[in-house]
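Computed from heavy atoms alone, side chains included, the values below leave out hydrogens, waters and symmetry copies. Every value quoted in this text rests on a predicted model; they were computed, and no experiment measured them.
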Amino acid sequence: MINAFRDPFMQTALMASLIVGAVCAYLGVHVVLRRIVFVGAALAQVSSAGVALALLAGKDPSVVSLVLTLGGVAAFSVKSRDKRATQESLIGVGYAVASALAVLFVAKSAQGEAHMLDVLSGNILTVTRGQVWWMAAAAVTAIALHTLFHKQFLFSAFDSETAQASGIRAGWWDLFFFLILGVIISLAIRLAGTLLVFAFLVVPAVTGLLLSRHLGRIYAIAIGTASIATIAGLYASVKTDLPSGPAIVAFSFLILVLAW
């Protein structure tokens, strides 16, 4: 197995996958516990639409994708008081519209289809060292902020009444969480693709929740699951000439089945 990772580009791909997997698995625990899995899918799709728009307009995909994703964060984090238009329904509308726009932008872009295939299924083997360092800095910052304000995030998510009584403004902390999640998704999709990022947000977290009830252990299991699936998936993709992203997702699901 070590021989498969001797080439520099494979080492870079492995490093990028491990970083994306670790930070997404960590944040994914809260995504699953908050029951906002669909938010992760919607933000990933909004980010993909941003990439497609950038390709059509000839702009920097990272910047356009981040701006649109942050716009999605602002929209999805608002809790509607109108019972006819719930937050879940607004997220569903956002997902559908972002998906349609991504297709329309790609259809009008000269080289959009080739690039969007990488955005959707991921091509982690083409990642550069510079992208890895940017992703690593974002991941460390996200986990550090989440660790520093862990109590506020937990109270705002699961006990908003106690949070308000304690002087914690639950709405602002929810928005802060969504901002962190949106930035990580936007950056991670440029490296690993929509499919792999969304899988990292959900599958390792569910595996951790199946195997433990202690939050610290759930984090460890989720990150460990993402790491094992990454190594096994990349190795399988090299040996069998399969797409790297879907191969990692398949191994993540296999670990989930074993945990179940």
Side-chain angles (χ1 to χ4, degrees), residues 1-25 28 40-41 44-45 47-52 54-55 61-62 65 99 102-103 105-107 109-136 139 184-207 221-260:
M1 179 177 287
I2 296 177
N3 292 333
F5 298 104
R6 284 187 174 177
D7 293 330
F9 80 94
M10 282 300 301
Q11 294 173 6
T12 303
L14 177 62
M15 195 183 311
S17 300
L18 289 174
I19 293 170
V20 171
V23 67
C24 287
Q45 200 59 48
S47 182
S48 298
V51 174
L55 293 174
S62 299
S65 173
S99 301
V103 174
F105 292 149
V106 168
S109 177
Q111 299 178 339
E113 292 185 15
H115 288 285
M116 282 305 294
L117 182 61
D118 287 343
V119 172
L120 294 174
S121 62
N123 190 0
I124 202 75
L125 301 180
T126 61
V127 172
T128 65
R129 290 271 180 176
Q131 289 175 309
V132 173
W133 285 116
W134 274 109
M135 189 69 235
I184 291 299
I185 287 177
S186 178
L187 293 175
I189 281 178
R190 295 291 296 137
L191 273 69
T194 305
L195 173 65
L196 184 54
V197 170
F198 181 60
F200 274 148
L201 281 172
V202 180
V203 182
V206 174
T207 303
I221 293 171
I223 294 173
T225 296
S227 300
I228 293 171
T230 293
I231 295 171
L234 282 177
Y235 178 77
S237 71
V238 171
K239 292 299 181 181
T240 60
D241 196 25
L242 289 171
S244 54
I248 295 172
V249 175
F251 275 99
S252 297
F253 178 69
L254 177 61
I255 296 173
L256 173 63
V257 171
L258 293 175
W260 210 315

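- Here Ile189 contributes atom CD1 and Leu195 contributes atom CG; the two are 10.5 Å apart, rounded to the nearest 0.5 Å.
- Counting all heavy atoms, side chain and backbone alike, Ala102 lies closest to Ala52 at O-CB, 3.8 Å.
- Thr194 and Ser48 are linked by a side-chain donor-acceptor pair at a separation below 3.5 angstrom, with hydrogens and angles left out of the test.
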Discussion item. Run Ile185 and Leu201 through side chain to side chain contact (heavy atoms under 4.5 Å, CB included) and show every step you take.
Written reply: CA-CA 9 Å; Ile185 287 177; Leu201 281 172; 3.7 Å; yes

Practice prompt. Please test Gln131 against Leu187 for side chain to side chain contact (heavy atoms under 4.5 Å, CB included), starting from the C-alpha separation and ending with a verdict.
Written response: CA-CA 9 Å; Gln131 289 175 309; Leu187 293 175; over 6 Å; no

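- Looking at Thr225, Thr230, Val23 one by one, the single match for side-chain contact (heavy atoms from CB on, under 4.5 Å) with Phe200 turns out to be Thr230.
- Leu234 approaches Ser244 most closely through the heavy-atom pair CD2-CB, 3.8 Å.
- Side-chain N or O atoms of Ser47 include none that pairs as donor or acceptor with a backbone N or O of Ala44 at under 3.5 Å.
- Here the shortest heavy-atom pairing between Ala22 and Ile223 reads O-CG1, 3.8 Å.
- Here the closest non-hydrogen pair linking Ala247 and Gly233 is CB-O, 3.6 Å.
- Here the closest non-hydrogen pair linking Gly245 and Leu196 is O-CD1, 3.9 Å.
- Taking CG from Leu14 and CG from Leu18, the interatomic distance works out to 4.5 Å, rounded to the nearest 0.5 Å.
- Interatomic distance, OG of Ser227 versus CD1 of Ile19, reported as 10.5 Å (0.5 Å rounding).
- With values rounded to the nearest 0.5 angstrom, Thr207 atom OG1 is found 9.5 Å from Leu258 atom CG.
- Here the CD1 atom belonging to Ile248 is positioned 13.0 Å from the CD1 atom belonging to Ile228, to the nearest 0.5 angstrom.
- Scanning all heavy atoms of the two residues, the minimum distance from Val203 to Phe253 falls at CG1-N, 4.1 Å.
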